[in-house]
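A short worksheet on the structure shown next.
These figures come from a predicted structure and were not determined experimentally.
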Amino acid sequence: MLQTPNNPLGNGENVNVCIDGTLVIDQNFNFVNSILFMKPGAQIDVLNGKKLALVHTALEGCDEMWRGIVVQKGGGVKMEHCRVADAQYAVTAHPAENGNEPIAELTILGNDFDNNFVGLLIPQTPYAKINAVLSRNVFSGFDELKHPYTGQSAAPESLPEQNQRALAGMVVNNLGAFSSYDNRFEQLTSGIVNRGSNLTAHLNDFADIQTNETLYPAFAPAGIALANYAAGHNVVAATDNTFNDCPMGILANLCELKATGNTLDYVDRGIWASLAGAGGIAIDNNEMAHTQVGILVAHAHAAGQVSITGNTVKTEVAGNGTGIITLYNHAPAVVENNAVTVGKAGLGISIYAGKGAQLLENNIILADQNLAGAGISLTYAQQCLLQDNAITGAGLGGPGNIGIEIVASPGNVYCCNTVGNTRLGVSVSGGSLATDNFRGTTFGNHAGSLYLPNVNAVLGSQSHTQNKWTGTGAAVYGVSQQ
């Protein structure tokens with residue numbers, strides 16, 4: 001405790017001290033231009049009503065991990081331009097559990113959190129509130145962690161036990177509101193793990209996130225830069241963030257999502273959202289390159305809303321990939337004005353086992369005629385509208401290379417779409433009845449323009465529907481050019 005005779009910390013300026021056990025902050029105190037060497041398992045405990053300020057100060061473990069800074073309910077920590085290393089939880093803040101309890105306060109600006117198991121931890125509580133400002137910090141895990149201290153355990157926090165590498169920059173639970181602004185997360189198993197909080201992530205930078213699957217095989221957020229899990233009523237806003245070299249960029253499971261203005265490069269799985277209850281999913285104006293599956297939405301609740309608009313997605317995989325896919329989606333979905341380039345194999349936009357999607361004014365390029373699958377693929381899809389989409393291929397060859405692929409998808413409307421320079425313009429298989437609703441299609445050059453391979457392929461009669469053939473490639477299976 002600080003309230004003891006002969007306090008060795010003096011006024012807290014230019015102090016080099018080794019802390020063994022628990023340093024209890026029972027009065028307001030500052031460390032400035034100091035170095036705190038933390039013995040194995042040591043911690044700093046900030047009590048209710050007390051404030052600890054750390055400025056230009058380093059805290060690092062001696063031989064093994066140390067526990068970290070613990071901010072009790074009603075305590076406060078201000079950190080600026082510090083370095084915190086080798087802690088199990090660099091900062092743990094205990095939130096208020098009801099409206100009558102004091103609220104912890106965090107101001108954490110411009111710090112380096114290096115090689116900690118977790119940088120910031122907000123423990124699980126049924127009701128959680130803190131006041132926190134976190135900005136311009138770097139959370140990184142470049143080196144192997146120090147050995148755990150005796151008795152170290154992550155079980156109380158429902159996390160895996162420490163195993164060589166850093167787990168996450170932030171783990172936050174059940175907060176009514178939490179924001180991460182302009183922070184960087186690098187070489188971690190996960191950047192931010194959000195469980196049951198309303199989260200705003202803005203202008204953050206995520207780089208070189210690792211799966212570490214042999215070290216943390218049961219950790220679901222492994223390899224995910226921004227991982228969100230909820231129970232159907234939380235809201236996540238991810239705006240203007242940058243993701244580079246990550247297995248997955250954003251995951252939003254059982255929560256509403258607004259993902260806007262994000263840039264993702266070399267991210268295998270870009271933005272995935274699922275099961276948002278009656279809430280909404282909006283994935284708009286993001287840019288993705290070198291991805292395998294750019295945007296995936298599985299939003300089963302018919303009362304929900306899905307918007308996927310204005311995105312630029314470029315896939316670049318030799319195996320099957322997809323620029324944009326809705327999967328088992330029964331919520332009304334608008335997929336509009338997206339630019340998708342299939343660099344090698346796979347699909348541009350896919351509607352699989354869903355209904356009610358509107359695909360409007362999308363521009364899809366199939367860049368490799370030998371590997372490309374289809375520009376737009378409907379499989380077991382119903383009550384969808386495809387209008388004013390343009391699909392352009394790189395040649396008439398390849399085993400796939402289809403402009404629009406329709407598989408067992410009846411009851412859809414096709415209007416004013418343009419396909420050109422693909423092996424097949426439109427391919428139909430299975431019962432896909434759309435009588436008089438396949439209208440205004442413009443076919444360019446194809447090896448086969450409209451392809452119905454057998455008697456099971458049913459599109460229905462099309463009378464005076466103003467489809468146009470402007471290039472090579474006849475329709476197959478007795479479909480007249482109308």
Between A168 and V193, the two heavy atoms sitting closest are CB-CG2, 4.2 Å
> Would you say the side chain of V267 lies within less than 4.5 Å of the side chain of N244, judging by non-hydrogen atoms?
Replying inline: no
Here the pair of heavy atoms bringing I209 nearest to P247 is O-CD, 3.1 Å
May I ask you to test the S140-Q187 pair for a side-chain heavy-atom distance under 4.5 Å?
-> no
Salt bridge (Lys or Arg N to Asp or Glu O under 4.0 Å) filter on R83, not counting sequence neighbours, yields E60, D114
_Treating S197 as the side-chain partner and L199 as the backbone partner, does any N or O pair qualify as donor plus acceptor under 3.5 Å?_
no
Are any non-hydrogen side-chain atoms of L120 and V171 less than 4.5 angstrom apart?
no
Please evaluate residues L167 and Y216 with respect to the criterion side chain to side chain contact (heavy atoms under 4.5 Å, CB included), reporting the C-alpha separation (whole Å), side-chain torsions for both, the decisive distance (0.1 Å), and the verdict. CA-CA 8 Å; L167 189 74; Y216 302 111; 3.9 Å; yes
(message) Could you tell me if N262 and N286 have a donor-acceptor pair between their side chains, going purely by distance under 3.5 Å?
(response) yes
Applied to residues 201-215, the salt bridge (Lys or Arg N to Asp or Glu O under 4.0 Å) test, sequence neighbours excluded, yields R184-D205
Do F178 and M170 come close enough that some side-chain heavy atom pair is under 4.5 Å? yes
Subject >> Any donor-acceptor pair under 3.5 Å from H290 side chain to E316 backbone >> reply: no
Is it the case that over 12 heavy atoms from other parts of the model lie below 6.0 angstrom from the NZ atom of K129? no
Sorted by chain and residue number, the ring pair (Phe, Tyr, Trp, His ring centres under 6.0 Å) partners of H147 (sequence neighbours excluded) come out as none
What one should report as the nearest heavy-atom pair of V236 and C255 is CG2-SG, 3.9 Å
- Taking the side chain as every heavy atom from C-beta outward, state whether N183 and F139 have any pair of such atoms under 4.5 Å apart. yes
Q. Does some side-chain heavy atom of Y266 sit less than 4.5 Å from a side-chain heavy atom of C246?
A. no
Next on the checklist: Just so I know, are the side chains of I44 and M38 near enough to count as touching, which here means a heavy-atom distance under 4.5 Å?
Outcome noted: yes
The residue among V413, T441, L378 that forms side-chain contact (heavy atoms from CB on, under 4.5 Å) with L386 is L378
Next item on the list: Determine, stepwise, if the pair I349 / V335 fulfils side chain to side chain contact (heavy atoms under 4.5 Å, CB included).
Entry: CA-CA 9 Å; I349 298 175; V335 183; 4.3 Å; yes
Residues 370-410 vs ring pair (Phe, Tyr, Trp, His ring centres under 6.0 Å), sequence neighbours excluded, gives Y352-Y380
Value for CD1 (I295) from CZ (R269), rounded to nearest 0.5 Å, stands at 15.0 Å
Any side-chain donor paired with an acceptor under 3.5 Å for Q387 and Y414?
no
Between S190 and A227, the two heavy atoms sitting closest are OG-CB, 4.5 Å
Please step through side chain to side chain contact (heavy atoms under 4.5 Å, CB included) for the pair I391 and I376, ending with a clear verdict. CA-CA 8 Å; I391 301 98; I376 294 177; 4.0 Å; yes
Requested in this report: Could you verify whether a donor N or O on one side chain and an acceptor N or O on the other, from N173 and R195, lie under 3.5 Å apart?
Outcome: yes
| Judged by atom type as modelled, is there a donor-acceptor pair below 3.5 Å linking the side chain of N421 to the main-chain atoms of H446? | no
Are any side-chain N or O atoms of D240 and backbone N or O atoms of L203, one a donor and one an acceptor, separated by less than 3.5 Å?
no
Sorted by chain and number, sequence neighbours left out, salt bridge (Lys or Arg N to Asp or Glu O under 4.0 Å) with K51 holds for E105
L109 vs M79, test: side chain to side chain contact (heavy atoms under 4.5 Å, CB included). Steps then yes/no. CA-CA 6 Å; L109 304 172; M79 298 175 62; over 6 Å; no
**Prompt:** Does Q88 offer a backbone N or O that forms a donor-acceptor pair with the side chain of R67 under 3.5 Å?
**Reply:** no
Test side-chain hydrogen bond (donor to acceptor under 3.5 Å, both in side chains) on E361 and N389 and set out the steps.
CA-CA 4 Å; E361 299 183 3; N389 301 285; over 6 Å; no
Applied to residues 76-96, the ring pair (Phe, Tyr, Trp, His ring centres under 6.0 Å) test, sequence neighbours excluded, yields H56-H81
*asked:* Determine whether a donor-acceptor pair (N or O, by modelled atom type, separation under 3.5 Å) exists between the side chain of N363 and the backbone of N338.
replied: no
One should read off an interatomic distance between I281 CD1 and S307 OG, to the nearest 0.5 angstrom, of 10.5 Å
Compare all side-chain heavy atoms of Q210 with those of R165 and state whether any distance is below 4.5 angstrom. no
Q | E161 side-chain N/O to A154 backbone N/O, donor-acceptor pair under 3.5 Å | A | yes
Taking everything shown except K314 itself, do over 12 heavy atoms lie less than 6.0 Å from its NZ?
no
Assess the residue pair K78 and E80 against the criterion (salt bridge (charged side-chain N to carboxylate O under 4.0 Å, His left out)); give the C-alpha distance rounded to whole Å, side-chain angles, the decisive distance to 0.1 Å, and a yes or no.
CA-CA 7 Å; K78 179 179 180 180; E80 294 186 2; 3.8 Å; yes
Residues S377 and E405: closest non-hydrogen pair is OG-OE1, 2.9 Å
Open item on the list: Treating N137 as the side-chain partner and S135 as the backbone partner, does any N or O pair qualify as donor plus acceptor under 3.5 Å?
Closed with: yes
One should read off an interatomic distance between N194 CG and I122 CD1, to the nearest 0.5 angstrom, of 11.0 Å
Residues S432 and S429: closest non-hydrogen pair is OG-O, 3.5 Å
Output for pair (S409 OG, Q382 CD), nearest 0.5 Å, gives 7.5 Å
Rounded to the nearest 0.5 angstrom, the CG-CD distance for L159 and Q124 is 8.0 Å
Testing the 3.5 Å rule here: is there a donor-acceptor pair between the side chains of N204 and S180?
yes
| request: Check whether more than 12 heavy atoms from other residues, nucleotides or ligands sit under 6.0 Å from atom OH of Y181, and answer yes or no. | output: no
- prompt: Does one side chain, of N337 or T309, offer a donor that lies under 3.5 Å from an acceptor on the other?
  reply: no
The single option from N417, I364, V428, L424 that satisfies side-chain contact (heavy atoms from CB on, under 4.5 Å) with I404 is N417
When you compare the side chains of N285 and T260, does any donor N or O come within less than 3.5 Å of an acceptor on the partner?
no
Closer than 3.5 angstrom, by distance alone: can the side chain of N116 be matched with the main-chain N or O of A90 as a donor-acceptor pair? no
dist D268:CG -> T211:OG1 (nearest 0.5 Å) comes out at 10.0 Å
- Query: Any donor and acceptor pair, going by atom type alone, linking the side chain of R423 with main-chain N or O of G398 inside 3.5 Å?
  - Reply: yes
